[in-house]
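Report on the following structure.
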Amino acid sequence: MDLTSVAAQRKAGLVLAACGTLLAGCAAPSAPSAAGAHAQAVATLQRVNTRAHECWLRDSDFRDYGLVPELDTTSTPRLLVVPRGKPQSLPQAVIVSSGGGAQFYGPLSTSPLAGRINDDISRWAQGAAGC
């Protein structure tokens, strides 16, 4: 092999490597793995749970309710709003997380507290502090 053909092969290799890098940059971003999404949901609900304990459980609007976190489950982690002192009762609200946000459903979603609950959990899920 002469020096010209060696230089040409190196140049061709560099061009191929550059093309591969460019094409890799064009690939669609991959979705977070199931384990990563679950961990993110748990972290989000931990923030919401901490703030809800600090804010709601000291507020007269929530005097009839308690919180039961179900964060260490292999299925969907949840935060349950139940009648105070009755953790085995049917939840009045179920707070779930997906994609770094939080939503809730249940009987309280049609109550006068619905707007406040939604606003609070949305803020807390995004990392805001305070009541």
Side-chain angles (χ1 to χ4, degrees):
M1 242 189 226
D2 66 5
L3 289 176
T4 308
S5 62
V6 170
Q9 286 179 346
R10 283 186 183 162
K11 190 181 232 182
L14 289 173
V15 169
L16 284 174
C19 288
T21 301
L22 289 172
L23 289 175
C26 294
S30 61
S33 69
H38 186 270
Q40 182 181 21
V42 169
T44 298
L45 287 178
Q46 285 173 330
R47 284 193 304 271
V48 171
N49 184 45
T50 299
R51 298 291 176 235
H53 273 89
E54 292 171 356
C55 299
W56 292 349
L57 297 184
R58 297 178 182 166
D59 188 314
S60 62
D61 289 343
F62 290 90
R63 72 178 164 272
D64 296 333
Y65 304 104
L67 298 168
V68 177
E70 292 183 342
L71 304 178
D72 59 349
T73 177
T74 56
S75 62
T76 304
R78 313 179 301 172
L79 181 60
L80 308 178
V81 180
V82 297
R84 189 175 296 260
K86 300 178 181 178
Q88 300 300 321
S89 296
L90 289 175
Q92 298 302 298
V94 178
I95 302 169
V96 294
S97 173
S98 63
Q103 308 82 36
F104 85 103
Y105 58 90
L108 285 176
S109 66
T110 58
S111 77
L113 288 174
R116 177 170 173 197
I117 293 170
N118 192 53
D119 291 345
D120 285 348
I121 66 173
S122 294
R123 281 185 302 106
W124 297 334
Q126 298 305 314
C131 299

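Only heavy atoms go into these numbers, but all of them, side chains included; no hydrogens, no water, no symmetry mates.
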Connected via hydrophobic side-chain network under 4.5 Å: [X] and [Y]:
{"X": "L108", "Y": "V82", "result": "no"}
{"X": "V42", "Y": "F104", "result": "yes"}
{"X": "L71", "Y": "I95", "result": "yes"}
{"X": "V48", "Y": "W56", "result": "yes"}
{"X": "V94", "Y": "V68", "result": "yes"}

Considering all heavy atoms of both residues, which atom of [X] and which atom of [Y] are nearest to each other, and what is their separation?
{"X": "P83", "Y": "S89", "value": "CD-CB, 3.7 Å"}
{"X": "A125", "Y": "T44", "value": "CB-CG2, 3.6 Å"}
{"X": "A41", "Y": "P77", "value": "CB-CG, 3.9 Å"}
{"X": "R78", "Y": "V96", "value": "CG-CG1, 4.1 Å"}

Worked check of side-chain contact (heavy atoms from CB on, under 4.5 Å) between R84 and L57: CA-CA 10 Å; R84 189 175 296 260; L57 297 184; 3.7 Å; yes
Within the structure provided, determine whether [X] and [Y] are in side-chain contact (heavy-atom separation under 4.5 Å).
{"X": "D120", "Y": "R51", "value": "no"}
{"X": "L113", "Y": "Q92", "value": "no"}
{"X": "W124", "Y": "T50", "value": "no"}

Tell me, please, which residues at least two apart from S98 pass side chain to side chain contact (heavy atoms under 4.5 Å, CB included). Q103
For the atom pair [atom1] ([X]) and [atom2] ([Y]), what is the distance rounded to the nearest 0.5 Å?
{"X": "R123", "Y": "N118", "atom1": "CZ", "atom2": "CG", "answer": "11.0 Å"}
{"X": "Q88", "Y": "L80", "atom1": "CD", "atom2": "CG", "answer": "10.0 Å"}
{"X": "R116", "Y": "I121", "atom1": "CZ", "atom2": "CD1", "answer": "12.5 Å"}

Give the intermediate values and the outcome of side-chain contact (heavy atoms from CB on, under 4.5 Å) for residues V81 and F62. CA-CA 10 Å; V81 180; F62 290 90; 5.6 Å; no
Using modelled atom types and a 3.5 Å cut-off, is there a donor and acceptor pairing between side-chain atoms of S122 and backbone atoms of D119? no
